[in-house]
Amino acid sequence: MRLPFTHTQIPTHIRSARFIARKEWIVIGADDGFIRVYNYNTMENIIEFKAHSDFIRSLIVHPSQSYLLSASDDKHIKLWDWEKGWECTKTFEGHEHYVMQLAFNPRDANVFASASLDRTIKFWDLGSLDLRSSINGHTEGLNSVEFFEDDGKLYILTGSDDHTAKVWDYESMTCVQTLESHTHNVTSFQCVKPDASFIITGSEDQTVRVWNAKTYNLDHVFTSKLGRVWTIGFIEDSSKIILGCDEGMLVGQLISIGY
């Protein structure tokens, strides 16, 4: 596999980046509170603007509307509309600590979830500033949140500084399983379906753990030689996974042993 990268210097740390394929853009959020937009073919800087007063932790792109959501250590979530000149059309307030990650509901993209170091998962509607609901189910702060579907049901996955990941039934908002095995903060995860359903969790304990999404059994533990694991990427319709670690990137392959 070849990974020919184009280098663009940014004068600060970058914590989130997203493609907007329909515009041929890359959008990045950085520690200086700026959002920067580039054409990913030419790397032309389309626009940059001050979006938050503290680190930007997460960006997500609406699947059909001209919307970008950003989350920050300033405890705010902001909705940006690029068809309105990147106007901030809404600011969602309610978290009491850093907002670490955002995720859209795959069944209703007007609804999104936010995970925070205040130990809560909150659910919001793009059409209202009012909080829809909130879950407090971890003993320490949350680093990550994602929706996933399995056997026709919608679930939420959360990762926490309490060293666990939890699976939640979205309809009842109840925890159906706690994934316990990591010995440090759970930083990231991916839900993948090559030949079977897997949940992959990454941690500051320098391991990646693979769980069966139906039985929740721990199937495999991989130890990173590049330090703590901060992010996990999965290439759809393949078995390749990418790990972002303290000292570099690892590319591997998930091999199903069959169930």
Side-chain angles (χ1 to χ4, degrees), residues 13-19 28-31 55-61 69-73 97-104 106 112-121 137-138 140-148 150 155-168 177-194 197-213 216 218-236 238-254:
H13 294 108
I14 298 168
R15 295 181 187 267
S16 186
R18 290 289 181 267
F19 285 107
I28 63 172
D31 283 3
F55 296 177
I56 297 175
R57 294 280 181 173
S58 180
L59 300 172
I60 55 173
V61 180
L69 279 170
S70 60
S72 170
D73 285 5
H97 209 312
Y98 304 163
V99 187
M100 301 297 286
Q101 194 169 44
L102 305 170
F104 277 117
F112 68 94
S114 56
S116 170
L117 292 187
D118 66 10
R119 306 180 185 181
T120 68
I121 321 149
H138 285 273
E140 297 293 340
L142 276 73
N143 297 307
S144 45
V145 62
E146 190 56 85
F147 291 88
F148 75 100
D150 191 53
Y155 297 93
I156 309 146
L157 188 60
T158 55
S160 170
D161 286 349
D162 65 13
H163 306 177
T164 72
K166 289 180 181 285
V167 181
W168 306 82
Q177 188 68 35
T178 299
L179 307 179
E180 298 180 277
S181 178
H182 284 292
T183 59
H184 211 306
N185 304 340
V186 177
T187 57
S188 55
F189 42 66
Q190 278 285 329
C191 303
V192 300
K193 291 187 177 182
S197 295
F198 294 98
I199 296 170
I200 305 174
T201 55
S203 170
E204 291 185 50
D205 65 11
Q206 302 186 30
T207 70
V208 170
R209 297 174 193 251
V210 182
W211 313 77
N212 185 298
Y216 301 114
L218 178 62
D219 290 336
H220 184 73
V221 178
F222 169 78
T223 300
S224 163
K225 294 182 179 180
L226 297 180
R228 296 169 293 181
V229 180
W230 294 106
T231 187
I232 303 172
F234 181 72
I235 302 174
E236 292 185 14
S238 84
S239 57
K240 294 189 183 299
I241 62 171
I242 302 169
L243 310 178
C245 308
D246 275 335
E247 300 172 22
M249 178 180 69
L250 294 167
V251 180
Q253 189 167 8
L254 182 66

If the plane angle is over 60° it's perpendicular, under 30° parallel, otherwise tilted; pick one for Tyr155 and Phe148. parallel

Taking all non-hydrogen atoms of both residues, which atom of Gly227 and which atom of Cys245 are closest, and how far apart? O-CB, 4.2 Å

How many angstroms lie between atom CZ of Arg57 and atom OG of Ser116, to the nearest 0.5 angstrom? 10.5 Å

So which heavy atom on Asp118 is nearest to which on His97, and how close? N-CB, 3.5 Å

pair Val186-Asn143: side-chain heavy atoms closer than 4.5 Å: no

Could you measure the distance from the CG atom of Leu157 to the CD1 atom of Ile121? Nearest 0.5 Å is fine. 9.5 Å

Thr207 side chain reached by Thr183 side chain, heavy atoms, under 4.5 Å: no

To the closest 0.5 Å, what do you measure between OG (Ser160) and NE2 (His138)? 5.0 Å

Step by step, work out the side chain to side chain contact (heavy atoms under 4.5 Å, CB included) result for Lys166 and Gln177. CA-CA 6 Å; Lys166 289 180 181 285; Gln177 188 68 35; over 6 Å; no

Residue set satisfying ring-ring contact (aromatic ring centres under 6.0 Å, His included) with Tyr98, at least two apart, ordered chain then number -> none

Does the side chain of Asn185 pick up a donor-acceptor pair with the side chain of Thr187 at under 3.5 Å? no

Decide yes or no for Val167 and Ile199: does some side-chain heavy atom of the first lie under 4.5 Å from some side-chain heavy atom of the second? yes

Sidechain-backbone polar pair: Ser72 side chain, Phe55 backbone, donor-acceptor under 3.5 Å: yes

Just wondering, more than 12 heavy atoms not from Phe19 lying within 6.0 Å of its CZ? no

Atom pair CG/CD of Leu218 and Glu180 - distance to nearest 0.5 Å: 12.0 Å

Listing request: all salt bridge (Lys or Arg N to Asp or Glu O under 4.0 Å) pairs with a residue in residues 220-230, at least two apart in sequence or in separate chains. Glu204-Arg228, Arg228-Asp246

Determine the minimum heavy-atom distance between Thr201 and His182, stating which atoms define it. OG1-NE2, 2.8 Å

Please confirm whether the backbone N or O of Thr158 pairs with a side-chain atom of Ser144, one donor and one acceptor, at under 3.5 Å? no

What I want to find out is whether Arg209 reaches Asp205 closely enough, with some N-O distance under 4.0 Å, to be called a salt bridge. yes

Ignoring hydrogens, what is the shortest heavy-atom contact between Asp161 and Leu117? Give both atom names and the distance. OD2-CD2, 4.0 Å

Rounded to the nearest 0.5 Å, how far apart are CD1 of Ile56 and CZ of Arg15? 11.0 Å

Let's go through Leu250 and Val208 carefully: what are the C-alpha distance in whole Å and the side-chain angles of both, what is the deciding distance for side chain to side chain contact (heavy atoms under 4.5 Å, CB included) to 0.1 Å, and is it a yes or a no? CA-CA 11 Å; Leu250 294 167; Val208 170; over 6 Å; no

Could you pull out the closest heavy-atom pair between Ser188 and Ile232, with the gap in Å? OG-CG1, 3.6 Å

Measuring from Phe198:CZ to Ile241:CD1, what's the distance to the nearest 0.5 Å? 11.0 Å

Side chain to side chain contact (heavy atoms under 4.5 Å, CB included) assessment of Val145 paired with Ile156: CA-CA 7 Å; Val145 62; Ile156 309 146; 3.6 Å; yes

Counting only N and O atoms by type, is there a donor-acceptor contact under 3.5 Å from the side chain of Arg18 to the main-chain atoms of Leu59? yes

Does Ser16 use its side chain to pair, donor to acceptor, with the backbone of Gly29 at less than 3.5 Å? no

Nearest heavy-atom pair of Phe104 and Phe147: which atoms, and what distance? O-CD1, 3.2 Å

Would a 4.5 Å heavy-atom cut-off, applied to side chains only, mark Val210 and Phe222 as touching? no

